[in-house]
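Heads up: the structure comes next, in C-alpha cells.
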Amino acid sequence: MKVKRDLQFDAIVIGGGIAGLQSALDLGDQGYKVAVVDKDATIGGKMIRLSKVFPTLDCASCITTPKMSSAAHHENITLFTYCTLGALDREKPDQVVAQLRQEPRYVDPEKCIGCRKCEYGCPVYVEDDEQGGFNMRKAIYIPFSNAIPQLPVLDVENCSLCGKCAKVCPTDAIRYDMEPEDFTITAKTAVLATGFELSPMEQKPQYGLAKLQNVVSSMQMERLLAPHGPYNRVLRPSDGKEPDSIAYVQCAGSRDESLGIPYCSRVCCMYAIKQAMLLSGALPLADITIYYMDIRAFGKGYEQFYQNAKAMGIEFVKAKVAKITQGDNQTARLRYEDQEGNGGVMEREHDLVILSLGMVPQWDPAGICSVNCGQDGFIQSILPKIAPTVTNIDGVYTAGVAAGPKDIVDTITEAGAAAMEAANYIKGLT
Amino acid sequence: MSEEKKSTAPTVDMKKLRQERNESITGAREKMKVQNKVIKALKEALSKEAKTIPELADIMGMQTDAVLMYVSTLKRYGIIGEGPKDGDYFKYELTE
Amino acid sequence: MANDTQEGKILILATESCAYPGANSVGQAHSSYPTNTYILRVRAPVLFPEHFYMDCFRKGISGIIVMSCGEECPYEGAYHAFAKRIDNVFQLMKKEDLDLRRLRLTAICTVCNRPFLKEVNDMNNLIKELGPPILKGEEAATDTP
Amino acid sequence: MSETKKDESGEEARVGVYICHCGGNISDHVDVEKVAEAVKDIPGVVVSHTDMFMCSDPGQELIQEDINKGNINRVVVASCAPSLHETTFRGAISRANMNPYLYEHANIREQDSWVHHGDPATAKAITLVAAAISKARGLKPLEPIRVDAASHTTVIGGGIAGLRAAVDLARNGIKVALVEKSPFLGGNASQLDRVFPTGEKVADLIEYLTSAVAKDPNITVYTCAELTGFEGYIGNFKVTIKRKAPEDEATQLMLKQVKGAAPGSFHPFVGFYPGDVPAADEEETLTTGVIVFATGFELYEPRQGEFGYGENREVITLRQFIRAMADAPATTETLTIDGRPVRRIAMIHCVGSRQIPGIHEADENDYMNEYCSRTCCTATLQAALEVRDNYPGTQILDYYRDIRTYGHNQEEYYSRASEKNVLFFRYEPEDSPVITKTTGEYPLKVTVVDKLTFNEEVEAGVDLVVLATGMKAKNIDSLVEMMKLPVGADKFLQEVHPKLRPVEMANGGILLAGTCQAPMDINESCNAAQAAAAKAAALLGKGFVELDPFVALVDPDRCEGNGDCIAECPENAISMTPDNKAEVNPALCTGCGMCVAVCSVNGIDVQGWGLKEYENMVDAIVKF
C-alpha cells in the first residue's frame, strides 16, 4: 500500500474542459496555485473534440489548444488527468477536501515520451469512441493527436497482454501491473466545471439512433467534419457513399417532455447551422435540410450567421420530426409534421440524418458532494441573476455547462466569473 | 539499448496478471483472430487494384458498414490510402 | 514562382488594427482574390519614408495599396502626417513618369470584405493594363516581358 | 528571467521554419511539404519542418527541441493569422529560454489557403515564408517594458454590470472609481419590475449590489459624471471625471420623483439614488490602472408609424407596458391601463431586431439592427403570462418569428404561455403584422399572414399593441473617439476574440462588461462583469504590467541631433539628451513610427517593426 498523498492548493477546479481551463487560467494569472482535475486521459473537454466553432468558423482546435497549452505550462497550474472524484466538500472555512483516485494508464508518465510506438505496435483494434465509433483505435492509444498530456492509455478490457507494446517502447514506460492510486487535494476554494453529455436517445427509439446506420448524432458529425476525422471526409457510415442529401433533426433531446428534458440546450441550432455550412463547403452539390421548431440564433453575430446560411441555400423546414425509419437504398426516411407551407404529415428520404442532440449534465454529485442541483440536474446557483456561479456551499463555485446549457462564448465568460468569485473568497479568508 | 532497458524494468509477474485478466485476455484474443482474418482478406482484395466499399463488401461477403470500419481504420494507420472517386464512392488502395 | 512575376506583384501595407484583420476577415469568408498580392502587417504606414515607396517600384513591385484605418487611426496625428507623405510620394512618382494609380491609399476596416476585394481587383486590372513599372532613365535595366 | 535568456544578437542568424497543416485548413490548398522544401535552402535557414497542428503541444515541442539543441536562434511559424497564435509561439520560445521576440509569423491560412487554391497558393506561401525569414534574420532580442500599475480601476457605467464589476474589484482589494452619467445607479434594469426566470424584484437585485457598493471603502461613486479626459497606457491611465448638474428634461423629471427621499434608496422605474447631485461643476483627474466599460445599451425606439407607433396611443413598447402594468389596479378580471379596459393585447416580437437588408428600412445612416436582441422573447412571454395569470379576462395574441426562450428555466415561459391560452402567430419579416385603426369594437386591428395556419391572412381587433423592442448600441461616440475603441459592424464595442479574449478590447487595459458589448440579460451581464473583474485583478495584482517592447529606439551612433523626430512625435515621447542625442521614453511611445520616416539618417526605428526589416521583406517578395 502506497502512502496516501495529500496535496495542497489554493483552488481546485473539477473538469479540464474549456470552462475549467479558463477558470484555472484566470486564477493562476492572479497568482493562486490551482489543481485541475479531469476524469479523461486528456484535458480539453468537449470543445477540443469539435470541428470548427460558430460563428467565426475558427477551428476548435485553434482556440482550445492555446488554452490547454497555457494551462499545461502555467507555473501556477497543475493538471491531474485520468482522475476520478470520490468526494468533495468543505470541511473548514479555508478547506475544501477532494478525495481522488488516479486511474491506472499502465504507462509510466515520467518515462513516456509520447512517441506512439506502442500504439502502432499493438495488434488489437477497438472501436474508437473518440471517432464516433466510425473507426478503430488500438488497445493502447493516445486519445487524439493534440491530447494534453501526450500520454497513452492502455485499455485493459481489450488488452491481450501480448507484451508487444512493452517490447517496442523505447523508454520502458509500460507498466502492466499499475494499480489505481488514491490521494487527496486540499484547497481553499473549488470550481465545479463538470460539463455535459449529449442527451440520451435510448428513450426515443423512434429516432433510430444507433439502430439506423445513417442516423448519427451531432457529435459524430463533428468527428466526420474534423480535420483528423475517421474518414478524413464526410461519407455515409453505412457504405462510404458521399451523401447527396443530408438532414438535421433539431431539438432531438431538448424541449422534449417525453425525455424529461423540457429545456432548450442553447447550442443545437447554431451548431447545426455551422455543420450545414461546413457540409455545403465540403459537398457543394449536396442538399442540406434543417427541420426545426424555432431557430435560436441569439448570440453576438449568430443571427447574421443564420441569415448567411439561408442565403447559401440551406433549406430550413419548420417541422417536428415524428419518426425515422429505414428508407430505400440505405437512406433514412423522415416522417414529419410540416408546420408551415401546406401542412400535414410528410415523408422525405435522406442519405444521412443528424440528430441535433441536446445537453444533459455529465456529473451527478449525489453521494460525492453536497452541492445543490435543479430539477434538470444542473448545478444550481443560489443567486442566479446577480452571481450565477455561487452555489449553496461556501467558496464552491460552478461554471459552464455544469450550471446549465451554454455555448462556448458564454461558458468562457462564466468561467472568468467563477474565478473572480473564487479569488475573492480566498481574499476574504485573511 | 535493449540491455539497459531490461535492467531498469521492474519485474512484473506476468503469469499472475494473465491469470487475473484471463477473461479480457481471451476476449481480446478472439477479437484479434477475427480482425486478422478480415484484414488479410481486405489486403488480398485490394492487392491487384483499388476498390470501393460496396465492391469490397461483395468480394469479402461482408456488410458494407463493417468493411468501411476496417478500411478507415487501416487508413488511419497508414496501411490503406484513398484513391480516385468512382461515381458516389471513393476507391481505396494499399499504400505499400 | 517565377512565372508569377510576369503578372506583376502588388504590395499591400495593412494596418495591424484595421486592414490586416480586415484581410483576415476576407479569408474567413473564403472569398478569393488575385494571388499576386502580398500583405505586410504594419502598425501605422506613417513609418515609411518617401524613398521606401520609390524603392519598391524600383525593385519591381507593380502596385502598392496602403490600407490604413483612415480617420480611425489609433495613433494621434499619424493619419494626417501620412496623407502628407503620400502627396510627396506622388510628386516623386510624377518626376519618374510613373502612373500615379500604381500607389493607392484606402481605408479598410476589420469587416470591410467587399471594399478589400474591390481594391485588390482594381489594382490587379490596372497593373495588367500598365505592365511592369519603368522608372525614368531606368528603361534599359528592366527586363522585357 | 531575462538574464538567463540567450542573447543571440551577436550570433549569425540560424532560422527554424515551421509550417502548419492546420489539420487540412492549410494543407488542403497549399502543398506544405513543397513549401518546407523550397525555403530550406534560403540563406540562414537551418531547419524546415511541417506539422499537423503547430499550435498543439507536440508542435510547440518541435520548436523547443530545436532551440534546446542549439540548432536555431530565430523562429518562423507559418500558420493561421498572427492574432490567434503569435503569442502562443512567443510563449513556447520563451519557455525554451530563447528571447520570444526573435520570432516572425507568416499568415498562410487567412491570407493564403483560405483565399487561393492550387499551385499559386503554394507559390504564395513560399513567398510569404521567405519574406518572414528575411525579417526574422534581422530581428534583435527585446525585453518587455515593465511599468508600474496603479491598483485602481475606473468602471464606466453604474448599471448592473458596472455595479457588479465594482463590487468584485473592491472585494479584491482594488480601488474603484464608479462613474455614472445619471444621478442614479441601476441603469436600464431599473426600468424593469420582476426579472425572468426567477421572478425576483429587480429592486432587490440592484439593492444587493448598491448596498455592497455603499459599504465598501474601496469604491468611490461619481454620479452625474462623465469621462472628459483620457491619456496614458495600461497600468497608468489618467482619466478626468467631470461632474455636472443634469440638465436634460427626463433626468430632471426623475430627480423630481425622488425629491425629499432619503439618499441611498431605490425608486422603482428611476433607480438607486445615492443622493448627491453637484451644485456646481466639479472636475477630478485620477490615475487608474484599468478601465472597465459598462456603458450598457439603449432601447430601440420604433420609427414613427412602425407598427402604428407614434400614431396610435394604443401602440406602446414593452418597457412602457411593464411600467403601465405596475401602475395598473390589481385583481380585476380585465387589465386596465390609463382607465381603459384592455380586453385583448397584440404582442409583436423582433421590433428593431433581426432586421434584414432589403426588407426592413435602414435608418438615416443606412444602418440596421441585424442581430437578435436576445432578451425580448422571454421578457415578452413573461409579461404575457403576468397578464394571463392576473387578468384572465385579457387575451394575448403573440406575433413572433422564432421564440427564443433559450436560457436556463426560460423554456417554461413558452410552454406555460401555450397552456395559458396565449395565441401564437408566426410571421415572416416580409409579411410583418400590419396595424390599422378601426372604428369597430376595438380601436386597432392587426393583420398578419400566419405561417402556422397555411399562410392564411388572420385579422384580429385589439385594445393594445405591445412592441418588443430590441437593444441598440448606446451612443458613446465621444468615448470611442477619445479612447480610440474598436466598434463592430453592429455598433457595439468589439472584443478581441469572442472565445480567446471575450472581455478585452484590443486597447491594452480596457475591458468590457455587459451590454455595451452585445445584448445580454442580467445574468449574462453579471458573468461578463465578473470575468472582466477577474482580468483586471490579474493585470493589476502584481503591481506592474509588462508591455510589448515595440517602441522607437534611437541609434546614438547615427543620430545627428537635429530634433526632427522630437518635432514629429505626437506623444512628446522623445527628448534631447545633454550630449545632443534623441532619447525615447518607452512608456509614452506608442510605436507609431512617425519619427522613423522623418529621420534622414535612419537613426531611429521601431523595435521589432523596423524599416530595414520591411525593406528586406520587399526584397524577398520580389525575389520569390
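Naming convention: chains lettered A, B, ... in sequence-line order (proteins, then strands); numbering from 1 in each chain. Note that the structure is a prediction, hence the values are computed from the model and not measured.
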Max heavy-atom pair count under 4.5 Å with chain D, selected residue of [options]:
options                                    : value
Tyr302(A), Tyr292(A), Phe378(A)            : Tyr292(A)
Gly404(A), Ser61(A), Gly374(A), Gly31(A)   : Ser61(A)
Gln375(A), Met68(A), Gln307(A), Lys318(A)  : Lys318(A)
Ala403(A), Ala297(A), Ser70(A), Pro262(A)  : Ala297(A)
Gln150(A), Gln339(A), Met420(A), Lys427(A) : Met420(A)
Ile63(A), Asp29(A), Asp26(A)               : Ile63(A)

Per-residue contact mode, [X] against chain A (heavy atom under 4.5 angstrom):
X         : result
Leu163(D) : neither
His408(D) : both
Pro58(D)  : side chain
Ile356(D) : side chain
Gln410(D) : neither
Gln355(D) : neither
Leu209(D) : side chain
Cys55(D)  : both
Asn25(D)  : side chain

Task: Distance (rounded to the nearest 0.5 Å) between Glu257(A) CD and Ser415(D) OG - done: 6.0 Å

TODO: State the OH-CG distance between Tyr406(D) and Asp407(A), to the nearest 0.5 angstrom.
DONE: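 CG of Asp407(A) is found 9.0 Å from OH of Tyr406(D).
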
Counting only non-hydrogen atoms closer than 4.5 Å, does [X] touch chain D with its backbone (N, CA, C, O), its side chain (CB onward), both, or neither?
X         : value
Leu383(A) : side chain
Phe305(A) : neither
Ile295(A) : both
Asp376(A) : side chain
Pro384(A) : both
Leu25(A)  : neither
Lys52(A)  : side chain

Task: Residues Arg266(A), Glu524(D): salt bridge by 4.0 Å N-O rule - done: yes

Task: Under-4.0 Å salt bridge between Asp294(A) and Lys451(D) - done: no

Nearest non-hydrogen partners of [X] and [Y], listed with the distance:
X         : Y         : answer
Cys526(D) : Pro388(A) : CB-CD, 4.2 Å
Arg164(D) : Ile386(A) : NH1-O, 2.8 Å
Arg374(D) : Gly299(A) : NH1-CA, 3.7 Å
Glu411(D) : Tyr263(A) : CB-CA, 4.1 Å

- [ ] Apply the test side-chain contact (heavy atoms from CB on, under 4.5 Å) to residues Met293(A) and Asp402(D): give CA-CA distance (whole Å), side-chain angles for both, the deciding distance (0.1 Å), then the verdict.
- [x] CA-CA 8 Å; Met293(A) 304 213 286; Asp402(D) 293 279; over 6 Å; no

Open item on the list: Checking Asp58(A) against Lys499(D) for the salt bridge (charged side-chain N to carboxylate O under 4.0 Å, His left out) test, could you report, in this order, the C-alpha distance in whole Å, the side-chain angles of both residues, the deciding distance, and whether it holds?
Closed with: CA-CA 10 Å; Asp58(A) 291 311; Lys499(D) 297 181 182 75; 5.6 Å; no

Open item on the list: With side-chain contact (heavy atoms from CB on, under 4.5 Å) as the criterion, how do Gln304(A) and Tyr371(D) come out once you've worked through the C-alpha distance, each side chain's angles and the decisive distance to 0.1 Å?
Closed with: CA-CA 6 Å; Gln304(A) 295 91 321; Tyr371(D) 52 85; 4.0 Å; yes

What option among [options] has the most heavy-atom pairs under 4.5 Å with chain A?
options                                   : value
Gln517(D), Glu412(D), His21(D)            : Gln517(D)
Lys535(D), Met520(D), Arg354(D)           : Arg354(D)
Ile522(D), Thr88(D), Thr87(D), Asp490(D)  : Ile522(D)
Ala532(D), Ala538(D), Ser56(D)            : Ala538(D)
Glu370(D), Arg426(D), Arg109(D)           : Arg426(D)
Asp28(D), Leu452(D), Asn455(D), Asn409(D) : Leu452(D)

Does the side chain of [X] pick up a donor-acceptor pair with the side chain of [Y] at under 3.5 Å?
X         : Y         : answer
Arg296(A) : Thr405(D) : yes
Glu421(A) : Gln530(D) : yes
Ser69(A)  : Asp57(D)  : yes

Open item on the list: Between Arg95(D) and His73(A) (side chain of the first, backbone of the second, donor and acceptor by atom type, cut-off under 3.5 Å), is there such a pair?
Closed with: no

Open item on the list: Test side-chain contact (heavy atoms from CB on, under 4.5 Å) on Phe454(D) and Glu340(A); report intermediate values, then the result.
Closed with: CA-CA 6 Å; Phe454(D) 322 129; Glu340(A) 284 186 352; over 6 Å; no

Task: Glu495(D) vs Lys300(A) side-chain heavy atoms within contact, under 4.5 Å - done: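 Answer yes - side chains close enough.
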
TODO: Determine, for Tyr208(D) and Lys385(A), whether the Lys NZ or Arg CZ falls below 6.0 Å from the six-membered ring centre while staying within 45 degrees of the axis.
DONE: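 Pair Lys385(A)/Tyr208(D) does not count as cation-pi.
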
Open item on the list: Using side-chain contact (heavy atoms from CB on, under 4.5 Å), reason through Arg404(D) and Glu303(A) one step at a time and then give a plain yes or no.
Closed with: CA-CA 12 Å; Arg404(D) 293 184 168 171; Glu303(A) 178 68 21; 2.8 Å; yes

